[in-house]
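Side-chain atoms are counted along with the backbone in the values below, which use heavy atoms only and exclude waters and symmetry mates. Within every chain, numbering begins at 1; the chains are lettered A, B, ... in the order of the sequence lines, protein sequences first and strands thereafter. Since the structure is predicted, the reported quantities are computational estimates derived from the model, not experimental observations.
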Amino acid sequence: MSGAAISEKQKQDYAKIVKQFKPAQRIWRNIFWAFIVGGFICLIGQFFINIFLSQGLSTKEANSAASSTLIFIAALLTGLGVYDEISRFGGAGGIVPITGFANSMVAPAMEYRAEGLIFGVGAKLFTIAGPVLVWGIFTAWAAAILYYFFK
Amino acid sequence: MDYLLAFVVGGSICMIGQLLIDLTSYKFTSAHVLVTFVTAGAVISALGFYQPLVDLAGAGATVPLSGFGHLLAQGAINGATQKGIMGAFTGGVTAAAAGITAAVVFGYFAALIFKPRG
Amino acid sequence: MTAPQKIGMQTIAFQSPPVIISTGSVVGSREGDGPLAGTFDKVVADTYYGEKTWEKAEQRMMFDSMKKALQKANLQENDIDFMLAGDLLNQIISSTFTARSLGIPFLGLYGACSTMYESLAVGAMMIGGGFADRVLAGTSSHYCTAERQYRFPVEQGTQRPMTAQWTVTGAGSMILAKEGSGPVITHATIGRVIDMGQGDSQDMGAAMAPAAADTIARHFMDTGRTPEDYDLIITGDLATYGKRLTEELLKQKGYDISKRYTDCGILIYSGSQDVHAGGSGCGCSAVVTCGYLMELLNSERYRRILGIGTGALLSSCSLQQGETVPGIGHAVVIESLKERK
């Protein structure tokens, strides 16, 4: 007769079987393409920086302008349904650059459009951007406070 | 040369992200990756190690989201050293304002114009 | 005081087996590109199915599959006593909104992806117990609605591990009746909720396999049958890796099913469709059973099938709070008995 509860031992035994049957992840393939795709996006970024520098912008301004341009392109590609294919293929190569950040804002906002402009688009723009800004702004603030008191 | 450096350094930073995903057997989602990079970027920047990377690789260091963390951290630190406590509050977001605004504006328009294709 | 139609611990043996008189199946384009395309009633190319949202599209698919089943049996809505349905969306809106349109007395079910088999088991009991003459049972799922609810919006760039499955876009419905011609439901084994401590939302096969194996073994014990008594044993949506785990777990329990065993999630797509481990979702077992398996039974290529609907009983909330993923499996025996009066 099988009892109702499952013991920890049974769970551990099963975990072993699962591990044994789990397919090998394609780590080398994934890392290789993350490098290529991510590198390529940065290369495009460099291309824009150089253009803006040649227009007489300062380094800081050129960086900002290039980032904004990349964000625009990523929003467009997300809307056209292309960006998710880039990340599916390139993994972190599509996620880590600022274009991945833009994609993570546009994708949920687009999908929840049917739920209205406030709770749909407005709130969902920040599903992932929210945590990113919270952590980024908090870390930067904490670093600045430490600088102020100890330098 | 600056293109090659941007490619190699940017690609390498993305490889670290990929390792985070693969080595946690995908428990690390894209949200985890982005938060980790922005935080790590801000911390490394505060320790003074990110600016040299930017000087070396340009877009290779500024385009990955760790560059966004660097921007926030440098803005806040410069604000604090120049304007005191209030600068720590205003500096970070001010420095990153262009990126944040671009993402909100373009994101908003994209959400209105496009319909997800599925 | 033992129930006359119950045998063993979890199994019901129907004294007068209910008949599956009609089925309806509607699928999306990816399923329509798969190897079973010819067995479905309708393939819809547009993920929106002409509606404004994917949720509405899923609803319309379920509605169409039920209409199709009614039409094939030459029946009207008021010929049906009860409707049983469930789906994956919060508060099973695809089912309740379809029931709103059909106007048939309705009971909502939730068994995650096992819902087709759950509704078959419950519907067969209603008929076998003398509470209904005709029952309409069905379920649906949609890749885009499920993906957004459980994981990420579909346009968001993410990478999927090899164990990840692809939610089937499709709806399947069946009409069960006391009398008529068609395959019959002879047994149903109701599963237990089993949690072996698996918590990976990208590896549902591993979470559900223990429940499937438990129900299959229990079915053999309750009925005294062996794997050899069946032409085919088929699970709902364990896909490639879950299937191997189920085989292994049953081997440990002393049953070798490998020669006659497959999974709906493996059959529905071909290897070249980039779906990783295979199909999943309510629609997976529903359309394969309503389409492909019915064809096999009606043509008498198979005489007796043991189907096990499998479900992963998680919610996005339970997952976020770090809970493990419990699974369930409901088994139903379907026989083709053409000569039966």
pair A:S104-B:L34: side-chain heavy atoms closer than 4.5 Å |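 With C-beta onward as the side chain, the pair touches.
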Which residues pass the ring pair (Phe, Tyr, Trp, His ring centres under 6.0 Å) test with B:F89, sequence neighbours left out?
-> A:W141
Which answer fits [X], side chain, backbone, both or neither, if we ask what part of it has an atom under 4.5 Å from a heavy atom of chain B?
X: A:N30; answer: both
X: A:I31; answer: both
X: A:I27; answer: both

Winner by heavy-atom pair count (cut-off under 4.5 Å) against chain B, out of [options]:
options: A:G122, A:G39, A:G120; value: A:G39
options: A:K22, A:K124, A:M105; value: A:M105
options: A:S64, A:G38, A:G100, A:G79; value: A:G79
options: A:F35, A:Y147, A:W33, A:F149; value: A:F35
options: A:S68, A:A109, A:G45; value: A:S68

B:F37 portion near chain A, given a 4.5 angstrom heavy-atom threshold = side chain
Residue pair B:T81 / A:Y148, side-chain donor-acceptor N/O under 3.5 Å =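 Short answer, no.
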Residues B:D2 and A:N50: side-chain donor-acceptor under 3.5 angstrom =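 Note: B:D2 and A:N50 side chains meet the donor-acceptor criterion.
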Is it true that a side-chain atom of B:T101 and a backbone atom of B:A98 form a donor plus acceptor pair closer than 3.5 Å?
->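 Answer holds: no.
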Heavy-atom pair with the smallest gap, counting every atom of B:A96 and B:L72 =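 Scanning both residues completely, I find the closest heavy atoms to be CB-CD2, 3.7 Å.
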